Amino acid sequence: PVLILLGPPGAGKGTQARKLEQAFGLVQLSTGDMLRAAVAEGTEAGREAAAVMAAGGLVSDGIVTAILAERLDAPDCAQGVILDGFPRTRAQAEALDALLAAREQRLTAALSLEVDDAAMVDRIAGRFACAACGEGYHDTAKRPRREGLCDRCEGTEFTRRADDRAETVSARLAAYRRETAPLAAYYAAQGALRRVDAMNSIDTVAAELAAVVTRAT
Ligand code: AP5
Ligand code: ZN
C-alpha cells in the first residue's frame with residue numbers, strides 16, 4: 001500500500017506514521033525528517049533548505065520531490081510506504097501521481113488528520129523527542145514511561161525542534177492553509193480522501209486509522 005498522511009503542523013502525522021509502520025509493516029517516509037538530515041549533513045539540498053525551514057516556509061518542490069523519489073526506490077519500501085508531510089503542494093501531488101504511475105503503483109488512501117488550531121499549537125509547544133532514536137514525546141500527552149528515559153532506546157537526552165517557536169509556527173500554518181489544505185479536494189476528486197478525527201487520544205486516533213487502512217487495502 002501507498003498511504004499519504006495529510007494534516008497541519010502538529011496534527012500527529014509523525015506519531016501516527018510510526019504506529020502504522022508497526023501495525024502494517026510499512027515504511028514511514030517523512031520529508032521533514034529527510035530535510036532535517038540533509039541540513040545536519042550539510043548537503044547541497046540541505047544548505048538550500050535550512051533557511052526556508054527556519055522561517056517556516058516550504059522547501060522548493062524540486063528538492064523535496066527529488067529527495068522523496070530517491071528514497072521511494074530503496075528495497076525496504078517494497079512492502080509499502082506511509083508518506084508523512086508529502087505532498088504539500090499541488091505540484092508535489094502531481095509529481096507523486098507520475099512517480100507512482102511509472103512504478104505501476106497506485107495510491108491506497110490519503111488520510112487527513114483533522115484537528116483544530118488550539119490543539120495544533122498545544123501539540124507543537126509540548127513536543128520533544130529522544131536525541132538518540134527520534135521517538136516523539138509530549139509534555140502532557142505522552143511523557144516517557146520512566147522519567148528522563150526514552151521508552152524505546154533508554155536514551156537520556158531529549159531535543160526540541162528549532163522550528164517549533166511561536167513565530168515560525170504561524171508561518172508554517174499559513175503555508176499549510178495556502179498550499180497544502182487544498183490537496184484535500186485533489187484527493188477527494190480521486191476518491192482517495194479519508195478524514196479522521198485527530199482530536200482524540202493518540203491510541204484512539206491510531207485505532208481509527210488502522211480500521212480505515214484495513215478497509216482501504
Ligand atoms: P515537518 O517535519 O513535516 O513538520 P510539520 O508538517 O510541521 O509537522 P510536524 O512534524 O510539526 O507535526 P506532526 O503532524 O508530525 O505531529 P507529531 O506527530 O510530531 O516539516 C518541517 C519543515 O520541513 C516544513 O515547515 C518545511 O519547511 C519542510 N518540509 C517538509 N516537507 C516538505 C514538503 N513536502 N515540501 C516542502 N517543504 C517541506 O505530533 C506533535 C506533538 O503532539 C507530539 O508531541 C505528539 O506526542 C503530540 N500528539 C500527537 N498526537 C496527539 C494526540 N492525538 N493527542 C495529544 N497529543 C498528540
Ligand atoms: Zn530513544
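Given the structure is predicted, the values throughout are model-derived calculations rather than measurements. Every number for a ligand or one of its atoms is a count from 1 in the order of the listing. Sequence positions, counted from 1, serve as the residue numbers for this chain.
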Using a 3.5 Å distance criterion without hydrogens, assess whether the side chain of T180 forms a donor-acceptor pair with backbone atoms of R88. yes
Regarding ligand 1, does [X] bring an N or O atom to under 3.5 Å of one of the ligand's N or O atoms?
| X | value |
| --- | --- |
| F86 | no |
| R18 | no |
| T31 | yes |
| G10 | yes |
| G85 | yes |
| K13 | yes |

Considering non-hydrogen atoms of the protein only, which is the closest contact for [atom], and what is the distance?
| atom | result |
| --- | --- |
| atom 24 (C) of ligand 1 | R88 NH2, 3.9 Å |
| atom 16 (O) of ligand 1 | G12 N, 3.2 Å |
| atom 50 (N) of ligand 1 | I202 CG1, 3.5 Å |
| atom 19 (O) of ligand 1 | R127 NH1, 2.7 Å |
| atom 17 (P) of ligand 1 | T15 OG1, 3.6 Å |
| atom 37 (N) of ligand 1 | V59 N, 3.1 Å |
| atom 4 (O) of ligand 1 | R161 NH2, 3.2 Å |

Charged N to carboxylate O below 4.0 Å: is that the case for K13 and D84?
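Here K13 does not pair with D84 in a salt bridge, since their nearest N and O are not under 4.0 Å apart.
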**Q.** Salt-bridge present (D76, R71; N to O < 4.0 Å)
**A.**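 Salt bridge present between D76 and R71.
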Tell me which part of [X] gets within contact of ligand 1: side chain, backbone, both or neither, using heavy atoms under 4.0 Å.
| X | value |
| --- | --- |
| Y176 | neither |
| Q92 | side chain |
| A141 | side chain |
| S201 | backbone |
| L35 | side chain |
| N200 | backbone |

Strictly by modelled atom types, are [X] and [Y] linked by a side-chain donor-acceptor pair under 3.5 Å?
| X | Y | result |
| --- | --- | --- |
| T89 | D61 | yes |
| D97 | Q190 | yes |
| T159 | E157 | no |

Is there a side-chain contact between [X] and [Y] (heavy atoms, below 4.5 Å)?
| X | Y | result |
| --- | --- | --- |
| Q92 | F86 | yes |
| V39 | R36 | no |
| L111 | I82 | no |
| D164 | R127 | yes |

For [X], look at atom [atom1] and say whether over 12 heavy atoms of other residues, nucleotides or ligands are found less than 6.0 Å away.
| X | atom1 | value |
| --- | --- | --- |
| R106 | CZ | no |
| E179 | CD | yes |
| Q79 | CD | no |
| E167 | CD | yes |

Look at the rings of F158 and Y137 and say which category their plane angle falls in: under 30° parallel, 30 to 60° tilted, over 60° perpendicular.
perpendicular
Atoms of ligand 1 less than 4.0 Å from [X] heavy atoms?
| X | result |
| --- | --- |
| G14 | 13 (P), 15 (O), 18 (O) |
| Y137 | 43 (C), 44 (O), 46 (O) |
| G57 | 25 (O), 26 (C), 27 (O) |

SG (C153) to the Zn ion (ligand 2) to SG (C130), nearest 10°, is 100°
Is ligand 1 less than 4.0 angstrom away from at least one heavy atom of [X]?
| X | answer |
| --- | --- |
| M34 | no |
| V64 | yes |
| R36 | yes |
| G136 | no |

Taking all non-hydrogen atoms of both residues into account, name the closest pair between M120 and P8 and its distance.
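Distance-wise, the nearest heavy atoms are SD-CB, 3.8 Å.
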_Quick test of your reading of the structure: of M120, R172, M53, R123, whose heavy atom lies closest to atom 41 (C) of ligand 1?_
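When every heavy atom of M120, R172, M53, R123 is considered, R123 comes closest to atom 41 (C) of ligand 1.
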